[in-house]
Amino acid sequence: MSSSDPSTPPGPGARGVGRRRFLGYVLAAPTLVAAAELGRAPGAEAGIPSPEITELADLNDVMTAAALPTSKLITVEVDEDGTVSFALPRAEVGQGITTSTAMLIAEEMDVPLDRVRVTLADARPELMFNQLTGASNTTISTYTPVRVAAAVARGRLLEAAAAQLGTAVTDLTLKAGVITDAVGRSIGIGALSAKAAGIRTEQVSVELKRREEFSVIGKPHNRVDALAAVTGRKKFAMDLDVPGAEPTMVCRPPTINGKVGAVANPDEVRAMPGVSDVVVISTGVAVRAKTFGQCIDAVRALRVSWKPGTAEGKSDETVLRELRAAEPPLGLPSPARSVEGEFTFHFRSNSALEPNCAIADVRSDRAEIWAALKSPIVAQQAIAARLKLPVGAVTVHVTEGGGSFGRKLFFDAALEAAEASRKTGKPVKLMWHRADDSRQGRTHPMATSRVRISYSGDTVLSYKQRHTSVSTDLGHGLGEMFTAMAAKLPVGDIGFSETFFQLTQSMPYDFGANSRLLNETDKGFNTGSMRNVYSPDVTCARELMVDRLAAKTGKDPYAFRRDFLRDDRARAALETVAETGNWGRSMPPGTAQGIALHSEYHATSAVLVEIDCRPETVNRPVRNGVAGPRVTKVVFAVDVGLAVNPRGLEAQMMGCVMDGIALTLTSSLHLRDGHFLEASWDNYFYTRQWNTPPELDIIIMPTSTGKPGGAGELGVAASMAAVACAYGRATGTMPTTFPINHGTLSFEPKPTVPPIPQSPTDGLDHVR
């Protein structure tokens, strides 16, 4: 397999493979199994200097290159019933990659989409970095390997049909999973599966379809799992019927990462209805019972003395002081004129819609785990080490997940389930409570960002940004990948987080000499690579300062951006939202438009929003919540190069818009005395119906590069920044603290002892 664009000639080492020709394998197997061949890694064209690291290689390029060596281990199999099976080594967590992957296979094999069965692969250590889901990389890194494997299978089926029908391959057509010859004789691909199978593994050459031949790729398709999702038949971890696995929950400390000192009443709790086990594990006290309701009762009844946690006594104010003390200097002020700003971004929860959960069945000599995992190989290794078992004795099944955007890169629930199963000697079905997710789960770290832009007349001389953050935990596979690829990275010998930062941040504007640096401090929090990681904060600060600079120079914010953009794709997206959204239209006082741009992973997005900050809107009553400003309109343009499934891309961007609104206006965690006050979705204010824009227009730009770019995270940063810019223009004051309502606590915090609230009940006994 070669990862180069099929429309461009191969480079050195391509062994004579033509413009759209690729190498693959037919594997020795009873039925037809095909795989791709590895090829050269992607990279920038030689001899083209660039001041931007991400134009040489970005995080997505690194992940794609890291996955290449094991691409031939990913196989497409034709089954005897005429279906095509593919075990995707990525995590489906709602982003729709099982659908887009099925579309790639259906395209190259000319089979109906509903005849392609995409499942999720178990942890496969031999895949190395080819089983890591993140950074909007799945479609980019699998686009060519999956198509090559499917094309190999297609060619083999045609050869088998030619032999059986006694005709030339050139006289055959394959359509809708049926091969037909010139005189009308036909045979289904299922009947050919065994005949097309390889007796021995052999290398073959295949030609992929040209883009103008596509009938599936690039066309809008509903999700292949949509019916199962809306009818409740879709299976998540907690839906699985693993023999003997019973509900299990953990009594957690009142402060972040506290440890168990002593348990005063284990026998008393063990005697409660339905409770079978009470055991101490590394993160708290696990209780196993017949129902989750009984688990909640048991957790609330436990009397535990706790040792201090890793954030003991800390609050928003103390962490902010730490961050400011750790901020890298911006250097001496430029003799030229400049604009400067400092921004604060509070902790935000990375709780998915599906509570953190896992099933474990641990025996003396083996273990089996079921969970939605984006880094299953690392999880398998960590669980094996925790249980003191060989890695080969631990089987990790990857289930579909109900949301993630970074959360499922971490496998803490799987580790806890394994530990609880080992301690109890029984299978467990472990689930976190919503309060656990908010208080002890993963968070987007608190951060500050300082920006200075120097200018002279109509020329921007320099841009400096210094981003300081609570440490982001990258111990889920990305750090190991950076280590493995260190010699090939264009960032020198720097740490994991700084490498991640430099490979994800870019400057879309021609702003002279520009530099961005990251400094991190305080490893006492459970942080994670939340959707878009550093980009929402960094981009929001930058775009607000671009608005300020435009005002200082007397320029329109949209025109200023358009004139300084370095990239034609970004300019086209910006012009599209400005025209579609009627930029500059007359609006009532207290309302305004905002516009922003963000590019990453070979893709770009531009957003125009309208916001209502009038008192009657800001002060409208909302039960147990802060209403605040209302985003009334969003026009969003996205260019991902080639959209495999435009309908799925549209849904992704809708989610990005809601994330951006939340990060700007409403969503944050309040830290007090070593714990977060929020304890569920009822007081963590993600974008709600009352804050969703009545007008939302997602525009997918025409295919620009002919190959996919990153989409999953793309729209968050631009959406957050556009809302912030609109707020600044509507109120006349640039916001500097996010979310803007963080200073207002609109709910009565729930107690930390007991750590979770009582279950709602209808007064009936549902246990039989």
Side-chain angles (χ1 to χ4, degrees), residues 87-98 118-124 131-134 223 225 228-250 281 283 286-293 295-296 350-362 366-380 382-383 386-387 394-422 424 426-437 440-442 476 528 681:
L88 178 65
R90 299 293 189 276
E92 171 65 80
V93 290
Q95 75 275 49
I97 57 174
T98 50
V118 177
T119 58
L120 304 182
D122 290 348
R124 297 176 57 191
Q131 199 170 14
L132 182 66
T133 309
R223 290 181 53 135
D225 57 354
V230 300
T231 57
R233 294 199 297 267
K234 191 171 181 179
K235 297 292 185 183
F236 300 94
M238 292 293 97
D239 298 319
L240 301 179
D241 186 15
V242 175
E246 293 196 343
T248 303
M249 297 184 77
V250 178
I281 61 174
T283 53
V287 294
R288 181 177 180 273
K290 289 292 184 184
T291 70
F292 281 111
C295 286
I296 289 173
N350 198 6
S351 300
L353 184 62
E354 174 192 32
N356 204 19
C357 57
I359 299 174
D361 184 358
V362 177
R366 60 184 171 83
E368 198 166 2
I369 309 294
W370 294 260
L373 299 167
K374 299 177 83 171
S375 54
I377 297 173
V378 181
Q380 181 186 37
I383 291 167
R386 178 72 58 88
L387 299 176
V394 178
T395 302
V396 172
H397 304 290
V398 179
T399 65
E400 294 204 29
S404 170
F405 296 114
R407 181 63 181 95
K408 298 295 195 302
L409 278 164
F410 296 91
F411 39 86
D412 33 22
L415 272 171
E416 287 181 336
E419 193 175 350
S421 181
R422 165 62 63 84
T424 62
K426 304 165 188 174
V428 302
K429 183 177 281 192
L430 184 142
M431 183 169 66
W432 286 35
H433 192 280
R434 286 293 186 197
D436 300 334
D437 272 337
Q440 299 286 351
R442 296 286 167 173
H476 44 53
W681 289 102

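By convention here, the first residue in the shown sequence is residue 1. Since the structure is predicted, the reported quantities are computational estimates derived from the model, not experimental observations.
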Looking only at the side chains, is there a donor atom on one of Asn356 and Asp412 sitting less than 3.5 Å from an acceptor on the other?
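Looking only at side-chain atoms, Asp412 and Asn356 do form a donor-acceptor pair, the distance falling under 3.5 Å.
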
Regarding Glu416 and Trp432, do their side chains bring together a donor and an acceptor under 3.5 Å, going by distance alone?
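A pair is found: one side chain offers a donor N or O, the other an acceptor, under 3.5 Å apart.
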
Walk me through whether Lys426 and Glu246 qualify under side chain to side chain contact (heavy atoms under 4.5 Å, CB included).
CA-CA 9 Å; Lys426 304 165 188 174; Glu246 293 196 343; over 6 Å; no

Which heavy atom of [X] sits nearest to which heavy atom of [Y], and what is that distance?
{"X": "Ala371", "Y": "Ala358", "result": "CB-CB, 3.8 Å"}
{"X": "Gly244", "Y": "Arg288", "result": "O-NH2, 2.8 Å"}
{"X": "Ala367", "Y": "Leu387", "result": "CB-CD1, 3.7 Å"}
{"X": "Ala121", "Y": "Val398", "result": "O-CG2, 3.3 Å"}
{"X": "Asp225", "Y": "Thr98", "result": "OD2-OG1, 4.4 Å"}
{"X": "Ser404", "Y": "Lys374", "result": "OG-CD, 3.1 Å"}

Applying side chain to side chain contact (heavy atoms under 4.5 Å, CB included), run through Val250 and Asp436 and close with a yes or a no.
CA-CA 9 Å; Val250 178; Asp436 300 334; 5.6 Å; no

For Val428, is there any backbone N or O sitting under 3.5 Å from a side-chain donor or acceptor partner on Thr248?
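It does not hold such a pair.
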
Nearest-0.5 Å distance that lies between atom [atom1] in [X] and atom [atom2] in [Y]:
{"X": "Ile281", "Y": "Ser421", "atom1": "CD1", "atom2": "OG", "result": "11.5 Å"}
{"X": "Thr119", "Y": "His397", "atom1": "OG1", "atom2": "NE2", "result": "12.5 Å"}
{"X": "Gln131", "Y": "Ser375", "atom1": "CD", "atom2": "OG", "result": "9.5 Å"}
{"X": "Ile359", "Y": "Lys429", "atom1": "CD1", "atom2": "NZ", "result": "4.5 Å"}
{"X": "Phe411", "Y": "Gln380", "atom1": "CZ", "atom2": "CD", "result": "11.0 Å"}

With heavy-atom distances below 4.5 Å as the criterion, would you say the side chains of [X] and [Y] are in contact?
{"X": "Asp437", "Y": "Pro355", "result": "yes"}
{"X": "Ile377", "Y": "Leu132", "result": "no"}
{"X": "Ile383", "Y": "Leu415", "result": "yes"}
{"X": "Arg124", "Y": "Pro89", "result": "no"}

Strictly below 4.0 Å, N to O, side chains only: are [X] and [Y] in salt-bridge contact?
{"X": "Lys235", "Y": "Glu400", "answer": "no"}
{"X": "Glu419", "Y": "Arg386", "answer": "yes"}
{"X": "Arg407", "Y": "Glu354", "answer": "no"}

Does Glu368 form a side chain to side chain contact (heavy atoms under 4.5 Å, CB included) with Val242? I'd like the steps, not just the answer.
CA-CA 10 Å; Glu368 198 166 2; Val242 175; over 6 Å; no

Please test Arg223 against Glu92 for salt bridge (Lys or Arg N to Asp or Glu O under 4.0 Å), starting from the C-alpha separation and ending with a verdict.
CA-CA 12 Å; Arg223 290 181 53 135; Glu92 171 65 80; 3.7 Å; yes

Testing Val93, Val396, Thr399 for side-chain contact (heavy atoms from CB on, under 4.5 Å) with Leu373, which one passes?
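Only one option passes, and that is Val396.
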
Tell me, with the steps shown, if Asp361 and Trp370 meet side chain to side chain contact (heavy atoms under 4.5 Å, CB included).
CA-CA 9 Å; Asp361 184 358; Trp370 294 260; 4.2 Å; yes

